[in-house]
Amino acid sequence: SRALSARAGVEVWLKLESLQETGSFKPRGGLNAVLSLTDDERRRGIVAASAGNHALGIAHAAMAAGVSGTLLFVQANASPAKLAKLRTYPVRVELVGDTYEAADEAAREHASVTGAVYVSAYDDVRIVAGHGTVGLEIHEELADLDAVVVPTGGGALTAGIAVALK
């Protein structure tokens, strides 16, 4: 970014994960998690909770891997644009509460009752490893760098990039 580089006084490069099909980096972890499932786990189905982006990543991954039986609990006040995009995937969506915590509680409860595989947005080694591919790509393109700045929500992207770059 010439403009940011000029303002910062250093060379600044951007990795625009917003250009991914779902609008974020989330399919990286979703694909890694879904492709890591055993045949038995795929048959049992996938369940996840989200404010929007993780659900899109899991929905995209489930569709790409041909896994049916995906149920996503999304907080009811999620972005209408994310909900509209989510509804284009062959998954079931349940709107629950007004917080991520409410959606997460419903997802975990569903998994414990049905045996579906719960995939956390941030506390799952498969998700973290998949997001770490961002770090691998950064290293491939810019092996000699001084710093990487990562926006942090739940921490899975930050953790994955840190492990990959270390």
Tell me, do Glu94 and Leu71 make a side-chain contact under 4.5 Å, heavy atoms counted? yes
Is a side-chain N or O of Ser1 found less than 3.5 angstrom from the main chain of Val12, in a donor-acceptor match? no
Applying side chain to side chain contact (heavy atoms under 4.5 Å, CB included), run through Val128 and Leu157 and close with a yes or a no. CA-CA 6 Å; Val128 173; Leu157 177 63; over 6 Å; no
Donor-acceptor contact below 3.5 Å, side chain Gln75 vs main chain Tyr100: yes
Quick one: does any side-chain atom of Thr99 pair with a main-chain N or O of Ala102 as donor and acceptor, under 3.5 Å? yes
Testing the basics here: between Pro151 and Thr158, what is the closest heavy-atom pair and its distance to 0.1 Å? O-OG1, 4.0 Å
Assign the ring pair His131 / Phe25 to parallel, tilted or perpendicular, where the plane angle (0 to 90°) is split at 30° and 60°. perpendicular
Set out, in order, the CA-CA distance, both residues' side-chain angles and the distance that settles side chain to side chain contact (heavy atoms under 4.5 Å, CB included) for His54 and Ile127, then state yes or no. CA-CA 10 Å; His54 180 60; Ile127 294 291; 3.8 Å; yes
Taking Asn77 for its side chain and Asp98 for its backbone only, find out whether a donor-acceptor pair lies under 3.5 Å. yes
Taking Thr152 for its side chain and Gly155 for its backbone only, find out whether a donor-acceptor pair lies under 3.5 Å. no
Is the number of heavy atoms from other residues, nucleotides or ligands within 6.0 Å of CD (Glu105) greater than 12? no
Give, for atom CG of Asn53 and atom CD of Gln20, the distance between the pair rounded to the nearest 0.5 Å. 11.5 Å
If you compare all heavy atoms of Ser50 against all heavy atoms of Ala55, which two are closest, and at what distance to 0.1 Å? OG-N, 3.0 Å
Heavy-atom donor-acceptor pair, Glu137 side chain to Val134 backbone, under 3.5 Å: no
Under 4.5 Å between side-chain heavy atoms, counting indirect links through other Ile/Leu/Val/Met/Phe/Trp/Tyr residues: same cluster for Ile161 and Leu19 or not? no
Hphob cluster co-occupancy, Ile58 + Leu35, side-chain heavy atoms under 4.5 angstrom: no
One pair to check against side chain to side chain contact (heavy atoms under 4.5 Å, CB included): Ile138 and Leu145. What are the steps and the verdict? CA-CA 9 Å; Ile138 290 170; Leu145 51 83; 3.5 Å; yes
Single-linkage hydrophobic cluster, 4.5 Å side-chain cutoff, Leu72 and Leu37 together: yes
Point-to-point distance, once rounded to the nearest 0.5 Å, from CG of Asn32 to CG of Asp124: 9.0 Å
Could you tell me whether the side chains of Ser36 and Arg126 share a donor-acceptor contact shorter than 3.5 Å? no
Hey, what's the ring geometry for His60 with Tyr89, parallel, tilted or perpendicular (30° and 60° as the breaks)? perpendicular
If you compare all heavy atoms of Ala116 against all heavy atoms of Ala111, which two are closest, and at what distance to 0.1 Å? O-CB, 3.5 Å
So that I can tick it off, tell me whether Arg43 and Asp39 are bridged by a salt bridge, with the cut-off set at under 4.0 angstrom between side-chain N and carboxylate O. no
Taking all non-hydrogen atoms of both residues into account, name the closest pair between Asp123 and Ser120 and its distance. N-OG, 2.9 Å
Whether the Asp104 and Tyr118 side chains hold a donor-acceptor pair (N or O, under 3.5 Å, no angle test) is what I'd like checked. yes
Charged N to carboxylate O below 4.0 Å: is that the case for Glu17 and Arg28? yes
Give the C-alpha distance, both sets of side-chain angles, the deciding distance and a yes or no for side chain to side chain contact (heavy atoms under 4.5 Å, CB included) between Thr70 and Arg92. CA-CA 6 Å; Thr70 302; Arg92 288 183 17 223; over 6 Å; no
Quick check for you: to the nearest 0.5 Å, what is the distance between Lys85 atom NZ and Glu21 atom CD? 6.0 Å
Does Asp146 CG have over 12 foreign heavy atoms under 6.0 Å away? no
Heavy-atom nearest pair, Val96 first then Phe73, reads CG2-CD2, 3.5 Å
Should Val47 and Val93 be counted in the same cluster of Ile, Leu, Val, Met, Phe, Trp and Tyr side chains packed under 4.5 Å apart? no
Please give me the minimum heavy-atom distance between Ala164 and Gly132, naming the atom from each residue. CB-O, 3.3 Å
same_hphob_cluster(Val148, Leu136) at 4.5 Å side-chain heavy-atom cutoff: no
Main-chain N/O of Ala48 paired with His110 side-chain donor or acceptor, under 3.5 Å: no
